[in-house]
A.B. asks: 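Okay, here's the structure, questions in a sec.
Source: prediction; values computed, not measured. Side-chain atoms are counted along with the backbone in the values below, which use heavy atoms only and exclude waters and symmetry mates. In what follows, chains are A, B, ... by sequence order, proteins preceding strands, each numbered from 1.
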Number of protein chains: 2
Amino acid sequence: MEQKLFKNYLGEKRLKLTKERLAVLQEVFAFHGHFAPEQLYFRMRDSGSKASRASVYRTLTLLVECGLVQRIARSDRGNVYEHIYGHGHHDHLICSLCGEIIEFYSENLEKIQEEVCRRNKFRGVSHILEIRGICGRCKG
Amino acid sequence: MEQKLFKNYLGEKRLKLTKERLAVLQEVFAFHGHFAPEQLYFRMRDSGSKASRASVYRTLTLLVECGLVQRIARSDRGNVYEHIYGHGHHDHLICSLCGEIIEFYSENLEKIQEEVCRRNKFRGVSHILEIRGICGRCKG
DNA sequence: GGTTAATTGATATTTAATCTCAATTTCATT
DNA sequence: AATGAAATTGAGATTAAATATCAATTAACC
């Protein structure tokens, strides 16, 4: 299903569905969780599917463009992504102590953002909301 | 006033108020707007005050820790900061086409975030909300 | 003023991400 | 199935932000 969407997107843009792009897509959707591009690259090497580092980065950009993948944060150690398709949109609480990432979704939050955009004559496309603080476990 | 706060913070942590730290602080508050660490470094060189690149970065970290400065985004070209003291908290709309950054503040948004934290037994400390899209001017 | 621990700065290093370009592959068209 | 144009790949070079190193310096406390 993701493949179909990806293929459509590539078709519209007259881009090609290569083995490498397919391999990246599959690995991205085989794994459920947050990941960095480098992690993805090494996981692919381990699992035998082949795509160069350059292709991994390039394909990730495409997957974000077509809405299958989301960049959810920029940590000190690079970008963090997650796949979207099949999961609802959500935002993140990030614990500054243990690094845990908690997902949440708030309809109200989304509505207010739309309102903000409207007031500023802005066409919102995507957003990143990360709330940093201390998680319940670390608070003790 | 910022100086007083900064001095207090350093005192508490048994850190020293050096010429360099002071110079960074002053430059940060002399300029109203968003800036990258590199910009700050070069602006300081131009204006004659001296601090090494390393000190600029190190001092920025301190200023964020003590709440005088906020990291508001991580662009592809590095982090973006702004000073806080004297300005209310706010979030940002970022135009993907021209790069313009529009500030906004929504009380409701803040309240909902508090609610989200409460529900997740999370103690929120700070947050970054950047809404990306197309600004009114670029929409045409 | 002396002592101690923190700080500085020039430079090297790290690391993510992008760029280069010849060789290869896809895909629409025969 | 063969062809050809245009897109894509990949190994390695490159870029750029940010951090680490460490001897020399400096602030803060007595």
A.B. asks: For nucleotides 26-30 of chain C, print each protein N/O atom paired with a nucleotide N/O atom at under 3.5 Å, atom names and distance only.
C.D. replies:
| from | atom 1 | to | atom 2 | distance (Å) |
| --- | --- | --- | --- | --- |
| dT26(C) | OP1 | Lys19(A) | NZ | 2.4 |
| dT26(C) | O2 | Lys16(A) | NZ | 2.5 |
| dC27(C) | OP1 | Leu17(A) | N | 3.2 |

A.B. asks: Let me test you: for the helix from dG1(C)-dC30(D) to dT30(C)-dA1(D), what is the angle between the axes at its two ends (five pairs each), rounded to 10 degrees?
C.D. replies: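 Angle reported: 40°, given to the nearest ten degrees.
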A.B. asks: If you compare every side-chain N and O of Ser55(B) against the phosphate oxygens of dG9(C) (OP1, OP2), does one of them come in below 4.0 Å?
C.D. replies: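 Result: yes.
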A.B. asks: Is it true that the side chains of Glu110(B) and His89(B) contain a donor and an acceptor less than 3.5 Å apart?
C.D. replies: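 There is such a pair between these side chains.
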A.B. asks: Side chains of Leu5(B) and Tyr9(B), heavy atoms from C-beta outward: is any pair under 4.5 Å?
C.D. replies: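 No - every pair of side-chain heavy atoms lies 4.5 Å or more apart.
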A.B. asks: Return the value, rounded to whole Å, for the distance between atom CZ of Arg71(B) and atom P of dA17(D).
C.D. replies: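 Atom CZ in Arg71(B) sits about 16 Å away from atom P in dA17(D).
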A.B. asks: Side-chain N or O of Arg21(B) less than 4.0 angstrom from OP1 or OP2 on dT7(C)?
C.D. replies: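 Arg21(B) to dT7(C) OP1/OP2: side-chain N or O found under 4.0 Å.
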A.B. asks: Can you list everything that forms a salt bridge (Lys or Arg N to Asp or Glu O under 4.0 Å) with Glu82(B)? Sequence neighbours excluded, please.
C.D. replies: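 Not a single residue meets the salt bridge (Lys or Arg N to Asp or Glu O under 4.0 Å) criterion with Glu82(B).
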A.B. asks: Nearest whole Å is fine: how far is dA28(D) C1' from Asn8(B) CG?
C.D. replies: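 Nearest whole value for this atom pair: 16 Å.
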A.B. asks: Given the ring of Phe104(B), does Arg119(A) sit roughly above its face, with NZ or CZ under 6.0 Å from the centre of the six-membered ring and within 45° of the axis?
C.D. replies: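 Arg119(A) over Phe104(B) ring: no.
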A.B. asks: Do Asn79(A) and Leu60(A) have side-chain heavy atoms sitting under 4.5 Å apart?
C.D. replies: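 Not touching, per the 4.5 Å side-chain cut-off.
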A.B. asks: Each residue besides Tyr57(B) in its hydrophobic cluster should be listed here, by chain and number; the cluster joins Ile, Leu, Val, Met, Phe, Trp and Tyr at side-chain heavy-atom distances under 4.5 Å.
C.D. replies: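 In the cluster with Tyr57(B) there is nothing else; it is isolated.
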A.B. asks: Looking at Tyr41(A), is its backbone amide N or carbonyl O close enough to the side chain of Arg53(A) to form a donor-acceptor pair, meaning the two atoms are under 3.5 Å apart?
C.D. replies: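 No, the answer is negative, given that no donor and acceptor are paired below the 3.5 Å cut-off.
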A.B. asks: Taking OH from Tyr41(A) and C1' from dA11(D), how many angstroms apart are they, rounded to a whole number?
C.D. replies: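 Checked: the OH to C1' distance equals 9 Å.
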A.B. asks: Knowing that exactly one of Leu62(B), Leu63(B), Ile84(B) qualifies, which makes a side chain to side chain contact (heavy atoms under 4.5 Å, CB included) with Leu68(B)?
C.D. replies: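 Testing each of Leu62(B), Leu63(B), Ile84(B) against Leu68(B), the sole residue satisfying side chain to side chain contact (heavy atoms under 4.5 Å, CB included) is Leu63(B).
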A.B. asks: Quick one about Glu107(B) and Tyr105(B) (side-chain donor to acceptor, distance below 3.5 Å, no hydrogens or angles considered), yes or no?
C.D. replies: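 A pair is found: one side chain offers a donor N or O, the other an acceptor, under 3.5 Å apart.
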A.B. asks: Send over the distance from Glu12(A) CD to dA7(D) P, rounded to a whole Å.
C.D. replies: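 Atom CD in Glu12(A) sits about 17 Å away from atom P in dA7(D).
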A.B. asks: Pick out the pairs of N or O atoms, protein on one side and nucleotides 16-18 of chain C on the other, that lie under 3.5 Å.
C.D. replies:
| from | atom 1 | to | atom 2 | distance (Å) |
| --- | --- | --- | --- | --- |
| dA17(C) | OP1 | Asn79(A) | N | 2.9 |
| dA17(C) | OP1 | Asn79(A) | ND2 | 3.1 |
| dA17(C) | OP2 | Tyr57(A) | OH | 2.9 |

A.B. asks: Report yes if at least one side-chain N or O of Lys50(B) is closer than 4.0 Å to OP1 or OP2 of dG9(C); otherwise report no.
C.D. replies: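 Yes.
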A.B. asks: Between Arg14(B) and Ala51(B), just flag the one whose closest nucleotide in DNA chain C comes earlier from the 5' side.
C.D. replies: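 Upstream on the strand: Arg14(B).
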A.B. asks: Tyr81(A): what forms a side chain to side chain donor-acceptor pair (under 3.5 Å) with it, not counting sequence neighbours?
C.D. replies: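 Tyr81(A) satisfies side chain to side chain donor-acceptor pair (under 3.5 Å) with no other residue.
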A.B. asks: Quick check on ring-ring contact (aromatic ring centres under 6.0 Å, His included): which of His90(A), His83(A), His92(A) does His34(A) satisfy it with?
C.D. replies: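 Among the candidates, only His92(A) passes.
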